[in-house]
Amino acid sequence: MLKLGVVSGAALCALGLLVPSAEVVLWAGIVMVMVTPLAGVVASTASLVHERDLWAKAGIVLIAVIAIGLVLSLA
Amino acid sequence: MDPVLIAELVVVGMGSGILGALFGIGGGIVFVPVLTVIFGLLAGEAVAVSLVGIIASSAGAASYYVGKGVANIRLGLLLEITTAVGAMVGAAVAAYIENWILLVIFAIVEIYSAASMIFVPERVSEDVGTDDALTFSYKDEKDGAVRRYRLGNLWPGTALCAAAGAMSSMTGVGGGTVKVPLMNILMHVPIRAASNTSNYMIGITAASGAIIYLAHGTLLPDYAAAIAIGALVGSYIGTRISAKLNASSMRRYFSVLLLVVAGIILLEAGGYI
């Protein structure tokens, strides 16, 4: 997921830079790069939960901490 | 945007991406001064663009090493909890502390870490007996051997990551340069696993910060896109270089990097950059 997200995002960024009128594509690429690590956390946590891994709790707590932090910062 | 400017930004991104993939650092120590001094961005704009570059660099390297089991996702998720909390506290407290004091403290930590990595041998126990939740393994690309290690001082290390997060958010520098020595020296994680786990963590921290800058309208899309492309390419180059380094060389080069970072931080504290 990390590879797919960041490579896709970079490709959109490159397209957006090459075509000046395609600002939407540029922003889409940047946003895709930015959310990739957070999507990776969710995917990793889901996988650990599925495996009933003890470390899944860490992922769940981290998702909560990130969500709270973002809400507080953006409010 | 001028194609020459795009090319220059891509090259800057590549350089930082290589460093990030090799040593598990984000690259902010390169991005921010270069973007402000050479490209003339305001500090806030430079930090916002830097965060996107850091994400691309760390995600590129992490995607390679997570797949190979070198990056310890489980440990990364745990340590990132206290890092994130520390970063939030640090951001709130930073306004009350003189920036130069924070930078000097940070430089002292970097110098101490460098000295520890030079003079203290890596205390990774590979004779770990039976598996438990604290035992991990990965295949070393250098020689193909499977390396096993058992985490030590888990809770002290986790708590100290809060301090790393706070210092990083207060100074804008170097989460990785604190966390990699922390994992390697205190928590007994092999240097290769420590740097790649740090890579995984840095992307998460940077993503949270970048979203906030995006929401506040500080992000310059052209600069961010060019830096991200370069950082991603650089991260792939860095992973290939890293495969050829042995652990003792990595520790030695990382120590040198820490001393360079400390020097840059002290220059910044003195107002010279």
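Order of the sequence lines fixes the chain letters, A, B, ..., with proteins taken first and strands second; residue numbering starts at 1 for each chain.
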With a 4.5 Å heavy-atom cut-off, do Leu75(B) and Phe136(B) have their side chains touching? no
If you look at every heavy atom in Met32(A) and Ser8(A), which pair is closest and at what distance? SD-CB, 3.4 Å
Quick one: which of Leu12(A), Leu4(A), Thr45(A), Val61(A) has the most heavy-atom pairs under 4.5 Å with chain B, could you say? Val61(A)
Output yes when a side-chain donor or acceptor of Thr158(B) lies under 3.5 Å from a complementary backbone atom of Leu154(B), and no otherwise. yes
Find the distance between CG (Leu182(B)) and CG (Leu160(B)) and round it off to the nearest 0.5 Å. 5.5 Å
Considering all heavy atoms, the nearest Tyr149(B)-Ser137(B) contact: CE2-N, 4.5 Å
Among residues two or more places apart or on two chains, list those pairs meeting side chain to side chain donor-acceptor pair (under 3.5 Å) that have a residue in residues 18-38 of chain A. Glu23(A)-Trp27(A)
Between CD of Glu8(B) and CG of Leu5(B), what distance do you get to the nearest 0.5 Å? 6.0 Å
In this structure, which one of Ile237(B), Thr239(B), Val233(B) forms a side-chain contact (heavy atoms from CB on, under 4.5 Å) with Ile18(B)? Ile237(B)
Please list all pairs meeting ring pair (Phe, Tyr, Trp, His ring centres under 6.0 Å) that have one or both residues in residues 43-70 of chain B, counting only residues at least two apart or in different chains. none
Heavy-atom cut-off 4.5 Å, strictly under: side chain, backbone, both or neither for Ala226(B) against chain A? both
Less than 4.5 Å to any heavy atom of chain B: does that hold for the side chain of Val7(A), its backbone, both, or neither? both
Chain A contact residues among residues 193-212 of chain B, heavy-atom distance under 4.5 Å: Tyr200(B), Gly203(B), Ile204(B), Ala207(B), Ser208(B), Ala210(B), Ile211(B), Ile212(B)
Find the one option among Gly59(A), Gly29(A), Ala58(A) whose heavy-atom pairs under 4.5 Å with chain B are most numerous. Ala58(A)
Choice from Ile63(A), Leu72(A), Leu48(A), Leu54(A) maximising heavy atom contacts with chain B below 4.5 Å: Leu48(A)
Does any heavy atom of chain A fall under 4.5 Å from the side chain of Leu232(B), the backbone, both, or neither of them? side chain
Can you list every pair that meets salt bridge (Lys or Arg N to Asp or Glu O under 4.0 Å) and has a residue in residues 74-87 of chain B, with sequence neighbours left out? Glu51(A)-Arg74(B), Asp53(A)-Arg74(B)
Proximal component of Tyr236(B), with respect to chain A [non-hydrogen, under 4.5 Å]: side chain
Which residue out of Val35(A), Val41(A), Ile66(A) racks up the most heavy-atom pairs below 4.5 Å with chain B? Val41(A)
Leu219(B) versus chain A, the contacting section by heavy-atom distance below 4.5 Å: both
Closest non-hydrogen atom pair between Ala225(B) and Leu26(A), with its separation: CB-CD1, 3.4 Å
Taking side chain as everything from C-beta outward and backbone as N, CA, C, O, which of these in Leu70(A) sits under 4.5 Å from a heavy atom of chain B? Side chain, backbone, both or neither. side chain
